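Worksheet: one structure, shown below.
Computed from a prediction, not measured in an experiment: that's the story for all the values here. Letters A, B, ... mirror the listed sequences (proteins, then strands); counts begin at 1.
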Amino acid sequence: MATKELQAVRGMNDIFPSASAGWQTLEADLRDLLSLYDYGEIRLPLLESTELFARAIGDVTDIVQKEMYTFADRNGDSLTLRPEGTAGCVRAAIQHQTMRGQTPRYYYIGPMFRHERPQKGRYRQFHQLGVEVFGQAGAGADAEVIALSARILKRSGVAAALQINSLGSPAARAAYRERLLSYLRPREAALCADCQTRMERNPLRVLDCKVPGCQEIAAAAPHLVDHLDAESAAHFASLQDLLTALDIPYVVNHSLVRGLDYYNRTVFEWVTDALGAQGTVLAGGRYDGLISQLGGQQTPAIGFAVGLERLLALQEIQGKLATASKPILFVGALDDSSLVSAWQLAEHLRDHAISVVSGGPASFKSLMKQAERSQAQFQVVIGAGQLQDEPVIIKEQHGEGRWEGSLDAVTSGLQSLGVDFPQHAPHTEHNFATTRRLK
RNA sequence: GUGGCUGUAGCUCAGUCGGUAGAGUCCCGGAUUGUGAUUCCGGUUGUCGCGGGUUCGAGCCCCGUCAGCCACCCCA
């Protein structure tokens with residue numbers, strides 16, 4: 001059982017091979033889809049200066065105020081483990097001037113860190129895939145990004161519903177904020193304690209409070225989309241037309257307000273009720289002001305992030321989780337002298353890209369159990385007899401396949417049983433064949 | 001950061017009124033040197049999360065703490 005000293009940090013998980021197969025398959029699928037849309041991977045530091053996140057995410061957000069892993073570097077600089085990926089991605093694009101006359105599409109995949117109380121679908125180290133598109137102001141970019149998000153969920157086999165909203169321009173949002181406050185103030189006493197503080201910090205968040213009394217008040221509140229500036233309204237209408245034309249169902253959620261300060265105009269979320277309280281699996285929006293706010297030239301931008309733990313949890317619930325591949329052959333040795341031949345055989349087959357798991361020296365019964373546990377498609381046992389002239393038997397573990405022959409001929413034996421060998425052995429060519437495994 | 005529930009063998013769990021640690025499973029060996037079943041026999045499981053307190057005596061009661069789960073909050 002767990003000893004006290006040696007434990008993973010709270011909210012940070014170990015991922016063992018039985019689970020990492022699902023991760024690897026998901027990540028491979030995601031990378032494949034990203035290349036379909038011509039996104040390029042950007043690999044970013046996990047650590048950035050604390051100031052970057054404070055300026056990008058917003059001083060008053062919970063993330064910056066109480067959820068960041070922040071500490072002093074040896075020279076006294078304040079560093080922070082990234083709580084999200086957009087800020088670092090924007091910083092990198094500004095620093096390396098990759099947006100001059102270009103409209104790059106980036107994606108990143110990796111761990112993020114937030115010091116929250118862990119619960120279902122929420123961890124202190126969690127993993128996101130994020131995408132960011134720079135330099136495209138039109139609603140076409142929004143539609144394409146949302147189409148990509150839809151395809152990611154579809155490819156993952158995950159059922160979720162798309163909600164969209166528009167926050168308008170900063171000016172329109174500020175004007176709406178005042179309008180909303182003048183609606184809320186007379187009703188302040190009826191709001192929950194949280195919402196009364198939210199009125200100070202970010203009154204838009206009152207709109208998606210879960211307390212029934214607050215929801216009643218929110219339902220009758222003026223709608224943000226009715227008070228957009230003309231350009232944002234046209235942008236939002238255009239986006240909806242495009243989504244309809246692309247057969248992407250959505251609903252407009254008037255209370256959809258993203259938690260990070262940098263968003264404007266389009267915001268969207270894919271939500272599910274299958275994950276308890278953490279229903280958002282993928283979320284994003286437009287942030288036209290962030291790049292200039294961080295010192296770059298005024299550049300429109302849009303992006304989203306998807307939580308990989310949540311995606312995997314949904315895949316598991318819906319029976320779509322990928323399982324580990326299995327080796328082609330188990331090779332077992334009964335004693336020390338036959339182990340030499342068994343290991344030579346295994347290495348020979350690996351030269352030909354056939355995955356082999358080895359066992360022994362051990363009793364025959366033990367080898368049988370090891371072979372079963374290995375889940376290999378075929379098994380072969382080598383003992384003293386095979387070193388003389390007794391036949392080697394290759395047996396299909398869950399089938400009728402069976403072959404007998406000499407130790408030297410195992411390769412052709414496997415071929416006769418249907419194992420797919422590469423055309424050329426990798427050690428005779430200069431490119432390596434892809435490893436043969438089952439499933 | 002707040003609240004509720006839960007921590008006993010690798011895994012799933014039982015443990016009565018406070019009386020000195022159990023079952024199943026798994027694993028190993030044998031019955032059975034040559035193709036996996038079943039059955040039978042034998043064998044190893046442990047800081048009862050950790051620390052303190054009460055008691056003649058604590059897995060059990062009390063306090064603290066750590067961790068997990070769930071919810072609030074927040075968010076992916």
Side-chain angles (χ1 to χ4, degrees), chain A residues 1-13 57 60-68 83-86 109-131 149 152-153 160 192-195 197-198 201-202 205 208-211 257-260 268-272 275-285 303-314 330 332 334-335 338 361-374 376 378-386 390-398 402-404:
Chain A
M1 202 52 197
T3 56
K4 185 173 180 188
E5 285 84 12
L6 296 176
Q7 286 189 84
V9 174
R10 183 173 204 192
M12 305 201 180
N13 297 311
I57 299 171
V60 299
T61 60
D62 279 14
I63 292 177
V64 169
Q65 284 203 330
K66 50 192 187 190
E67 294 177 2
M68 296 204 301
E84 56 99 53
T86 299
I109 188 163
M112 307 293 166
F113 303 86
R114 292 182 199 170
H115 193 103
E116 301 178 271
R117 189 92 170 240
Q119 67 180 80
K120 189 183 189 71
R122 190 172 82 180
Y123 309 99
R124 289 185 172 179
Q125 176 177 331
F126 61 104
H127 297 76
Q128 285 185 339
L129 164 74
V131 313
S149 72
I152 283 174
L153 295 172
C192 70
D194 283 330
C195 280
T197 33
R198 281 196 270 249
R201 295 243 171 89
N202 189 352
R205 299 216 63 91
D208 62 356
C209 181
K210 289 174 185 172
V211 176
V257 179
R258 309 279 16 271
L260 286 63
F268 64 99
E269 286 188 8
W270 288 87
V271 298
T272 170
L275 293 180
Q278 313 301 323
T280 302
V281 58
L282 184 154
F304 66 73
V306 53
L308 299 189
E309 281 86 356
R310 292 183 186 177
L311 210 46
L312 287 163
L314 286 172
F330 173 87
L334 283 168
D335 53 44
S338 51
S363 72
F364 187 75
K365 180 174 183 173
S366 175
L367 288 180
M368 285 301 102
K369 290 192 170 183
Q370 289 179 43
E372 173 67 24
R373 214 181 309 143
S374 78
F378 300 99
Q379 49 119 313
V380 59
V381 172
I382 313 262
Q386 280 68 43
E390 289 179 34
V392 172
I393 302 169
I394 303 173
K395 197 179 165 193
E396 192 172 10
Q397 295 218 89
H398 294 283
R402 186 184 170 91
W403 173 93
E404 289 189 25

[X] side chain, from C-beta outward: closest of [options]:
X      : options             : result
A:Q128 : B:A76, B:G29, B:A71 : B:A76
A:R117 : B:U35, B:A76, B:G3  : B:G3
A:S366 : B:C28, B:U35, B:C72 : B:C28
A:L334 : B:C74, B:G34, B:C75 : B:G34

Pairwise [atom1] distance for [N] and [M], with rounding to whole Å:
N     : M     : atom1 : result
B:C61 : B:U55 : C1'   : 10 Å
B:U2  : B:G18 : P     : 33 Å
B:A23 : B:C62 : P     : 29 Å
B:C48 : B:A21 : P     : 11 Å
B:A14 : B:C60 : C1'   : 14 Å
B:G22 : B:G46 : C1'   : 11 Å
B:G51 : B:A58 : P     : 14 Å

Does a side-chain N or O of [X] approach OP1 or OP2 of [N] to a distance below 4.0 Å, or not?
X      : N     : result
A:K120 : B:C70 : yes
A:R10  : B:G68 : yes
A:K210 : B:C74 : no
A:K365 : B:U32 : no
A:S363 : B:C28 : no

A:P391 or A:K66, whichever maps to the more 5' nucleotide of RNA chain B: A:P391
Which residue lies more 5' along RNA chain B, comparing A:G121 with A:V392 via nearest heavy atoms: A:V392
Centroid distance under 5.5 Å and plane angle under 30°, A:F126 vs B:A76: yes
Sugar-phosphate only, base, or nothing, as touched by [X] at under 4.0 Å among non-hydrogen atoms:
X      : result
A:I393 : base
A:V306 : nothing
A:A371 : nothing
A:F378 : nothing
A:T61  : nothing

Dot-bracket line, read 5' to 3' along RNA chain B, where crossing pairs take [ ] and | marks a partner on another strand, Watson-Crick or G-U under 3.5 Å: (((((((..((((.....[..)))).(((((.......))))).....(((((..]....))))))))))))....
Heavy-atom pair with the smallest gap, counting every atom of A:I57 and A:E84: CD1-CG, 3.7 Å
